[in-house]
Amino acid sequence: MAKFLIIGGGGREHAIGWRLHAEGHEVHAAPGNPGLAELGTNHPHPVGDPAALVELAKTLEVDLVVIGPEQPLVDGLADVMREAGVAVFGPSAAAARLEASKAESKTFMAAHGIPTARHVTVTSLDEGLAAVRTFEVPPVVKADGLAAGKGVTVAQTHEEAEDALRACLQGGAFGEAGATVVLEQRLTGQEVSFFVISDGTHAATLLPAQDHKRIGEGDTGPNTGGMGAYAPAPIFTDAVRAKTMARIVAPTLAGLRAQGRPFVGVLFVGLMIDDAGDPWVVEYNVRFGDPETQPLMLGLQAPLGETLLAAVDGTLTDQALPGTPAATVVMASAGYPASSHKGDRIEGLEAAGKTPGVTVFHAGTRGSAQGELETAGGRVLGVCASADALDEALRRAYAAIDQIRFDGMQFRRDIGRRASLV
Ligand SMILES: Nc1ncnc2c1ncn2[C@@H]1O[C@H](COP(=O)(O)OP(=O)(O)O)[C@@H](O)[C@H]1O
Ligand SMILES: [Mg+2]
């Protein structure tokens with residue numbers, strides 16, 4: 001058994017910690033959350049303090065550090081850890097550029113013949129306004145840098161695309177992250193989140209997942225960090241999978257290796273599968289995605305700890321890690337995503353957790369002054385369930401939700417519905 005230190009404190013980190021704990025490993029987290037506290041030890045070190053985190057890893061003599069969120073990866077936390085002799089699962093800052101800059105990732109894909117939407121990168125409004133009109137269908141407008149999932153406008157009209165350009169290049173909507181903008185041809189099809197654990201050369205893949213980004217049922221209303229997710233995604237057939245491995249995963253890993261920045265960590269490939277069953281890259285992320293990680297960890301039928309350790313040792317083998325169907329339904333706080341209410345008391349978690357096949361992951365919870373559990377804003381809980389079939393997993397998740405209560409709670413009743421009817 002090994003000792004792990006997980007950096008981060010959301011639903012993703014709770015799911016990873018839960019999985020490692022279930023496999024018998026010792027789990028530490030920084031800063032963690034109340035869910036992680038139940039299965040391991042939390043340390044109050046902030047995600048943005050590399051020196052303190054290195055010292056913590058050394059003091060604890062952990063076997064592996066697992067970095068959850070993108071910001072510390074982009075800021076080079078994995079490099080600092082490696083230089084200090086600490087084993088770490090997560091890409092270097094150089095490899096994390098794939099997520100840090102959408103413009104650079106498009107250049108990388110073009111250079112390696114990886115299928116993705118046609119694009120134009122601009123840094124001035126004049127350039128941008130001229131480019132918008134070269135797209136017959138209104139283009140998707142993307143702030144180049146990290147924008148916490150808020151930097152993309154899927155414009156319905158050319159005017160809307162122009163407004164989005166003005167917001168970035170004139171209004172400074174995303175600061176430096178929006179000083180460069182990518183305009184992209186709009187793709188159609190179904191989106192799939194595909195996670196690839198790699199040692200830089202080999203690929204161990206998780207089940208294809210789908211998430212639900214909109215706040216409202218039927219995919220309506222504003223975008224959120226994700227209101228639910230499920231796996232496997234039926235659209236991702238063996239044929240689609242084979243194309244994705246050959247056209248996208250293999251050239252991405254080889255391309256990064258050839259550029260002297262091998263990818264050690266989990267590569268999240270955001271895909272659009274078109275009507276012909278051909279995969280196109282929408283974006284890369286360089287870490288586990290939330291909430292998709294929750295069902296993937298709950299349903300995984302292979303040892304996660306060994307896989308992560310093998311990736312860091314460079315001894316991973318190419319494989320499709322098996323898993324059972326699973327789904328997570330996110331419960332968000334009042335006002336989310338426009339605002340988010342804090343301090344509402346959460347009841348019924350214990351009863352919910354007793355539903356067969358169900359685990360409730362903490363995303364935005366905290367202990368109150370009275371030692372009770374309360375909301376800490378945003379997405380609060382991920383009610384996750386696995387079963388032999390997806391519709392049964394969903395039934396279990398919603399049965400568990402019926403036990404949970406907090407003021408202003410919001411959740412979608414239609415998570416996974418399309419897939420469970422296939
Ligand atoms: N070229 C595209 N065609 C159609 N939809 C897109 C395109 N690019 C992005 N989108 C939509 O916008 C969402 C967010 O874009 P993405 O590139 O994943 O950025 P981020 O996750 O950083 O906000 C995607 O999940 C997808 O729904
Ligand atoms: Mg995305």
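For this chain, numbers begin at 1 and follow the sequence in order. Below, each value reflects all heavy atoms present in this structure, side chains not excepted, and no hydrogens, waters or symmetry copies.
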Output a table of donor-acceptor pairs, distance under 3.5 Å, between side-chain atoms of residues 355-365 and any protein atom two or more places apart or on a different chain; print 'none' if there are none.
{"unit_1": "Thr355", "atom_1": "OG1", "unit_2": "Ala352", "atom_2": "O", "d": "2.8"}
{"unit_1": "His362", "atom_1": "ND1", "unit_2": "Thr365", "atom_2": "OG1", "d": "2.8"}

From Glu392 atom CD to Leu394 atom CG, the distance as rounded to the nearest 0.5 Å: 9.5 Å

With no hydrogens and no angle check, is any side-chain donor or acceptor of Asp344 less than 3.5 Å from a backbone partner on Ser333? no

Can you run down the salt bridge (Lys or Arg N to Asp or Glu O under 4.0 Å) pairs that involve residues 360-370, sequence neighbours left out, and say none if there aren't any? Arg366-Glu374

In short, salt bridge (Lys or Arg N to Asp or Glu O under 4.0 Å) pairs touching residues 246-259 with sequence neighbours left out are Arg247-Asp278

Please report, to 0.1 Å, the donor-acceptor pairs under 3.5 Å made by any side chain of residues 140-156, with sequence neighbours excluded.
{"unit_1": "Lys142", "atom_1": "NZ", "unit_2": "Glu184", "atom_2": "OE1", "d": "3.4"}
{"unit_1": "Lys142", "atom_1": "NZ", "unit_2": "Glu184", "atom_2": "OE2", "d": "3.1"}
{"unit_1": "Lys142", "atom_1": "NZ", "unit_2": "Val282", "atom_2": "O", "d": "3.1"}
{"unit_1": "Asp144", "atom_1": "OD1", "unit_2": "Ser101", "atom_2": "OG", "d": "2.8"}
{"unit_1": "Asp144", "atom_1": "OD1", "unit_2": "Lys102", "atom_2": "N", "d": "3.0"}
{"unit_1": "Asp144", "atom_1": "OD1", "unit_2": "Ala103", "atom_2": "N", "d": "2.7"}
{"unit_1": "Asp144", "atom_1": "OD2", "unit_2": "Ser101", "atom_2": "OG", "d": "3.3"}
{"unit_1": "Gln156", "atom_1": "NE2", "unit_2": "Val154", "atom_2": "O", "d": "3.3"}

Hey, are the side chains of Asn223 and Arg214 touching, using non-hydrogen atoms and a 4.5 Å cut-off? yes

With a 3.5 Å distance limit and no angle check, can you tell me whether Thr116 reaches the backbone of Trp280 through a side-chain donor-acceptor pair? no

Summary of salt bridge (Lys or Arg N to Asp or Glu O under 4.0 Å) pairs that have at least one residue in residues 5-22, sequence neighbours excluded: Arg19-Glu23

When you check the gap from the basic side-chain N to the acidic O, do Lys58 and Glu55 get nearer than 4.0 Å? no

When you look at CD of Glu176, are more than 12 heavy atoms from neighbouring residues, nucleotides or ligands closer to it than 6.0 Å? no

All heavy atoms of Leu253 vs all of Thr201, minimum pair found to be CD1-O, 3.9 Å

Below 4.5 Å, heavy atoms only, C-beta onward: do Phe263 and Pro91 meet side chain to side chain? yes

Counting C-beta onward and ignoring hydrogens, is there a side-chain heavy-atom pair between Ile248 and Leu271 closer than 4.5 Å? yes

Would you mind reporting whether Val122 and Leu165 have side-chain heavy atoms less than 4.5 Å apart? yes

Got a sec, which residues hit salt bridge (Lys or Arg N to Asp or Glu O under 4.0 Å) with Asp414, two or more places apart in sequence or on another chain? Arg412

Gap separating the CG atom of Leu308 from the CG atom of Asp199, nearest 0.5 angstrom: 12.0 Å

Under the salt bridge (Lys or Arg N to Asp or Glu O under 4.0 Å) definition, can you give me all pairs with a residue in residues 302-320, not counting sequence neighbours? none

The criterion is salt bridge (Lys or Arg N to Asp or Glu O under 4.0 Å); which residues satisfy it with Lys213, sequence neighbours excluded? Asp211

Are the side chains of Asn42 and Pro31 in contact, using a 4.5 Å heavy-atom criterion? no

Would you compute the distance between atom CZ of Phe89 and atom CZ of Arg287 and round it to the nearest 0.5 angstrom? 13.0 Å

Contacts of type salt bridge (Lys or Arg N to Asp or Glu O under 4.0 Å), residue Arg345, not counting sequence neighbours: Glu372

Sequence neighbours left out, what passes ring-ring contact (aromatic ring centres under 6.0 Å, His included) with Phe4? Give chain and number order. His25

Please list, chain by chain and in numerical order, all residues satisfying side chain to side chain donor-acceptor pair (under 3.5 Å) with His212, sequence neighbours excluded. none

Using salt bridge (Lys or Arg N to Asp or Glu O under 4.0 Å) as the criterion, list what pairs up with Glu61, not counting sequence neighbours. none

Met81 and Leu53, any side-chain heavy atoms less than 4.5 Å apart: yes

Ile6 side chain reached by His28 side chain, heavy atoms, under 4.5 Å: no

Hey, does Val330 have a side-chain heavy atom less than 4.5 Å from the side chain of Thr224? no

Can you tell me how the ring of His45 sits relative to the ring of His43, calling it parallel under 30°, perpendicular over 60° and tilted otherwise? perpendicular

What one should report as the nearest heavy-atom pair of Gly17 and Val27 is O-CG2, 3.6 Å

Could you check whether atom NE2 of His202 has more than 12 heavy atoms from other residues, nucleotides or ligands sitting under 6.0 Å from it? yes

Spatial distance of atom CD (Glu292) from atom CZ (Phe268) [nearest 0.5 Å]: 4.5 Å

